[in-house]
Amino acid sequence: MDIMANTLLAAGASPAMLHTLQELQDFTPHIHALCINIGTLSPDWLPSMKSAAQTAAQLGKPWVLDPVAVFASEFRLRACLELLGLRPTVVRGNASEVIALANASTGIGKGVDSIHESTDAVDAAKSLARASGAVVAVSGAVDIITDGQQVIGVHNGVAMMQKITATGCAVTALIAAFIAVDPSHPLEATASALSVFGVAGEMGMEFARGPASLRMHLIDALHGLDQAAILSRVKITSIE
Ligand SMILES: Nc1ncnc2c1ncn2[C@@H]1O[C@H](COP(=O)(O)OP(=O)(O)O)[C@@H](O)[C@H]1O
Ligand SMILES: Cc1ncsc1CCOP(=O)(O)O
Ligand SMILES: [Mg+2]
């Protein structure tokens with residue numbers, strides 16, 4: 001939650017982290033986008049997640065699902081399948097998460113990390129996008145983004161970003177901020193968020209000595225990003 005909220009603040013968005021069912025009805029009407037992250041899922045939190053997704057959908061607000069470690073347990077898989085049925089605008093996971101979700105199967109992955117390359121998950125991402133109606137993003141060395149037809153590749157970022165916990169969660173939150181700004185273009189907004197986060201990682205790495213200082217410099221770089229840096233560094237290509 002720390003790096004997610006700080007990423008959003010650095011990017012100019014306004015985060016609020018909530019779990020409690022009783023306050024979601026009051027809070028959700030004020031949001032511009034919702035991010036549901038099952039990282040530390042508990043049975044108490046799942047009804048809150050479902051309620052928030054339902055309210056967002058009723059109010060026409062975009063929402064993003066991060067299926068953290070969905071491969072790790074039947075409980076996580078069932079929760080994600082139920083949340084998928086509530087029609088997220090975007091699903092962003094690592095390759096092992098997207099493969100597990102597309103196949104509705106558990107048993108692959110390492111902790112919360114991927115054992116697959118993002119390019120291994122292109123077909124899974126396309127079939128998940130077609131089945132769910134969501135834009136699906138697979139993070140990795142090349143981020144893959146698809147609506148089931150078009151496939152886009154984002155070639156920004158540095159490998160050290162995998163060594164900071166919750167960079168995946170943070171970029172999912174950033175995707176929510178970008179679709180809040182441009183809700184009618186979720187494919188483009190998702191690719192842009194991944195690229196901008198990757199650019200911040202590249203710029204942060206110029207000052208970092210390891211994962212802990214990269215975390216700090218990435219957030220500083222995101223906060224200081226200007227148009228010139230974006231235009232010179234963004235690398236987004238069409239893959240299919
Ligand atoms: N090898 C890599 N090279 C460049 N960027 C990477 C690499 N691996 C991950 N990233 C970036 O790190 C962030 C987190 O992705 P990832 O580690 O796949 O997510 P998760 O934390 O959910 O497993 C994303 O912005 C992704 O683009
Ligand atoms: C380590 C850990 N354990 C439960 S959630 C979490 C963080 C997951 O974040 P990310 O998917 O971005 O690595
Ligand atoms: Mg993750």
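Everything numeric here is computed off the predicted structure, so don't read it as measured data. We count ligands from 1, going down the list as the structure has it; atoms in each ligand are counted the same way.
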Review point. Below 4.5 Å, heavy atoms only, C-beta onward: do M205 and L214 meet side chain to side chain?
Key: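 Touching, per the 4.5 Å side-chain cut-off.
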
For [X], the ligand 1 atoms whose distance to one of its heavy atoms is below 4.0 Å:
X	value
G168	14 (C), 19 (O), 20 (P), 21 (O), 22 (O)
R92	19 (O), 20 (P), 22 (O)
N94	18 (O), 20 (P), 22 (O), 23 (O)
F197	25 (O)

If hydrogens are left out, which of [options] has an atom nearest to [atom], that is, the closest non-hydrogen atom?
atom	options	result
atom 11 (C) of ligand 1	M161, M205, K163	M161
atom 3 (N) of ligand 1	A159, G109, A69	A159
atom 10 (N) of ligand 1	G157, A193, G140	G140

Let me confirm one number: the [atom1]-[atom2] distance from [X] to [Y], rounded to the nearest 0.5 Å.
X	Y	atom1	atom2	value
S114	D120	OG	CG	8.0 Å
I145	Q150	CD1	CD	10.5 Å
L77	E97	CG	CD	12.0 Å
H116	K110	NE2	NZ	12.5 Å
L187	S192	CG	OG	9.0 Å
F197	L174	CZ	CG	7.0 Å

Review point. Would you say D143 has any N or O atom under 3.5 Å from an N or O of ligand 1, going by distance alone?
Key: yes

Check your understanding: Is any N or O atom of S139, backbone or side chain, closer than 3.5 Å to an N or O atom of ligand 1?
Key -> yes

Point to revise | Taking atom 2 (C) of ligand 1 as the reference point, the nearest protein heavy atom with its distance | key: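 Scanning the protein heavy atoms, the shortest distance from atom 2 (C) of ligand 1 goes to A141 CA, 3.4 Å.
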
Practice item. Can you pull out the closest protein heavy atom to atom 9 (C) of ligand 1? Residue, atom name and distance to 0.1 Å, please. Key: Q162 CG, 3.4 Å

Point to revise | Which atom of A176 lies closest to which atom of L34, heavy atoms considered | key: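 Heavy atoms of A176 and L34 come nearest at CB-O, 4.2 Å.
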
**Study point:** Considering all heavy atoms, the nearest I115-S96 contact
**Key:** N-OG, 2.8 Å

Review point. Pick from V138, V154, I152: which one makes a side-chain contact (heavy atoms from CB on, under 4.5 Å) with I144?
Key: V138

**Study point:** Result of checking V136, D123, I99 against L128 for side-chain contact (heavy atoms from CB on, under 4.5 Å)
**Key:**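 So the option named by the test is V136.
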
Review point. Taking non-hydrogen atoms only, is V158 closer than 4.0 angstrom to ligand 1 via side chain, backbone, both or neither?
Key: backbone

Review point. Is H155 touching ligand 1 with its side chain, its backbone, both, or neither, if touching means heavy atoms under 4.0 Å apart?
Key: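 Answer for H155: neither.
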
Below 3.5 Å, can you tabulate the donor-acceptor pairs from side chains in residues 52-59 to any protein atom, sequence neighbours excluded?
{"residue": "T55", "atom": "OG1", "partner": "S51", "partner atom": "O", "Å": "2.8"}

Review point. Within less than 4.0 angstrom of ligand 1, does S114 place any heavy atom?
Key: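 Outside the 4.0 Å threshold, so no.
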
Check your understanding: Does T167 come within less than 4.0 angstrom of ligand 1, counting non-hydrogen atoms of the residue?
Key -> yes

List ligand 2's nitrogen or oxygen atoms that come under 3.5 Å of a protein nitrogen or oxygen, with the partner atom and distance.
{"residue": "ligand 2", "atom": "12 (O)", "partner": "G168", "partner atom": "N", "Å": "2.9"}
{"residue": "ligand 2", "atom": "12 (O)", "partner": "C169", "partner atom": "N", "Å": "2.8"}

Exercise for review: Would you check, one step at a time, whether the test side chain to side chain donor-acceptor pair (under 3.5 Å) holds for N156 with E202?
Suggested key: CA-CA 7 Å; N156 294 107; E202 291 166 15; 3.0 Å; yes

